Amino acid sequence: MVESQPAAIDEIPLHRMLALDYEPPTPGEGRAQVRMPVKAEALGSTGSLHGGAIATMVDLACALAAVGSSGFDPSRESLVTVDMHIRYLGRARTDTVLARAEVIRRGSQLIVVGCEVVDEQGHLVAVADFSMMIVALRTPLVDNAVLVAGGSEV
């Protein structure tokens, strides 16, 4: 959980459904790791981890690494994903997979992050390159309270 923004990440229903587990980023480090159990909710039609589940885990790991590398202030700024490219390279052979992200370059606005997804035996599942941008804090497009309550937006 990111200390400066504890509710934002933990209240994302997709993160809870996938049971993503992580530690807060260490300020100045620019590295992060996210764990995800290989469970039925995360599988695709072939019985392997769904690409979207892997992408969600990569997105979180890279965002945490970006937060750790910067002086990010969630009261004034947002981190938004600019792009993400994932190469799916193999199947997980264990009950858990790990996304290990590390900042490659941090500019004044753009942060570039690399990420590997491996199973607990070290078999490579996917690699990704990812970039985020720090922008001024924006008003959400949708009221999160409405979404959590199951309502719909018109």
Side-chain angles (χ1 to χ4, degrees), residues 1-26 29-70 72 74-75 77-103 111 113-135 137-154:
M1 175 170 40
V2 178
E3 290 176 22
S4 60
Q5 217 175 19
I9 292 174
D10 291 338
E11 290 181 6
I12 296 173
L14 182 56
H15 291 180
R16 284 196 313 264
M17 182 194 72
L18 294 173
L20 300 180
D21 182 40
Y22 59 93
E23 294 295 324
T26 303
E29 190 169 291
R31 291 188 192 136
Q33 179 173 285
V34 174
R35 299 173 64 84
M36 181 175 69
V38 176
K39 59 182 194 166
E41 294 85 350
L43 302 180
S45 62
T46 64
S48 295
L49 276 173
H50 190 284
I54 294 170
T56 300
M57 181 174 62
V58 166
D59 185 74
L60 177 58
C62 291
L64 291 169
V67 166
S69 77
S70 67
F72 174 67
S75 69
E77 303 167 318
S78 293
L79 274 172
V80 296
T81 302
V82 174
D83 68 5
M84 174 172 36
H85 181 227
I86 301 177
R87 287 183 181 86
Y88 300 97
L89 301 172
R91 294 177 70 155
R93 301 176 190 174
T94 61
D95 293 339
T96 302
V97 290
L98 307 147
R100 296 180 179 138
E102 184 171 355
V103 171
I111 303 170
V113 185
C115 187
E116 286 189 347
V117 179
V118 297
D119 67 16
E120 290 181 306
Q121 295 174 347
H123 297 113
L124 195 58
V125 175
V127 294
D129 56 83
F130 181 94
S131 61
M132 297 197 92
M133 185 173 283
I134 298 174
V135 297
L137 190 61
R138 303 177 193 183
T139 303
L141 294 175
V142 178
D143 181 1
N144 205 21
V146 172
L147 290 177
V148 171
S152 61
E153 290 290 308
V154 180

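Note that the structure is predicted; figures quoted are calculated from it, not measured.
Residues meeting the salt bridge (Lys or Arg N to Asp or Glu O under 4.0 Å) test with Arg31, sequence neighbours left out: Glu102. In this structure, the side-chain contact (heavy atoms from CB on, under 4.5 Å) partners of Val82, at least two apart in sequence or on a different chain, are Leu110, Ser131, Met133. Remark: Glu29 engages no residue in a side-chain hydrogen bond (donor to acceptor under 3.5 Å, both in side chains) (not counting sequence neighbours). Looking at residues two or more places apart in sequence or on another chain, you find no side-chain hydrogen bond (donor to acceptor under 3.5 Å, both in side chains) involving Asp95. Residues that satisfy the side-chain contact (heavy atoms from CB on, under 4.5 Å) test with Asp129, not counting sequence neighbours, are His85, Arg87. Residues satisfying the salt bridge (Lys or Arg N to Asp or Glu O under 4.0 Å) criterion with Glu116, sequence neighbours excluded, are absent altogether.
Closest of all the heavy-atom pairs between Leu137 and Ser75 is CD2-O, 3.5 Å. Asp119 approaches Ala92 most closely through the heavy-atom pair OD2-C, 3.9 Å.
To the nearest 0.5 Å, atom CD of residue Glu77 and atom CD1 of residue Ile134 are 5.5 Å apart. Taking CG of Leu79 as the start and CD1 of Ile111 as the end, the distance is 5.5 Å to the nearest 0.5 Å.
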Under 3.5 Å, which donor-acceptor pairs link side chains of residues 36-49 to any protein atom two or more places apart or in another chain?
unit_1	atom_1	unit_2	atom_2	d
Lys39	NZ	Met17	O	2.9
Thr46	OG1	Ser48	N	3.4
Ser48	OG	Arg91	NE	3.0
Ser48	OG	Arg91	NH2	3.4

Would you be so kind as to tabulate the donor-acceptor pairs closer than 3.5 Å made by side chains of residues 51-64, with sequence neighbours excluded?
unit_1	atom_1	unit_2	atom_2	d
Thr56	OG1	Gly52	O	2.8
Asp59	OD1	Thr81	OG1	2.9

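At least one side-chain heavy atom of Arg35 sits under 4.5 Å from a side-chain heavy atom of Glu120.
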For a side-chain contact (heavy atoms from CB on, under 4.5 Å) check, start with the C-alpha distance between Met132 and Val113, then their side-chain angles and the critical distance, and finish with the verdict. CA-CA 8 Å; Met132 297 197 92; Val113 185; 5.6 Å; no

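Between the side chain of Ser69 and the main chain of Val103, no donor-acceptor pair closer than 3.5 Å is present.
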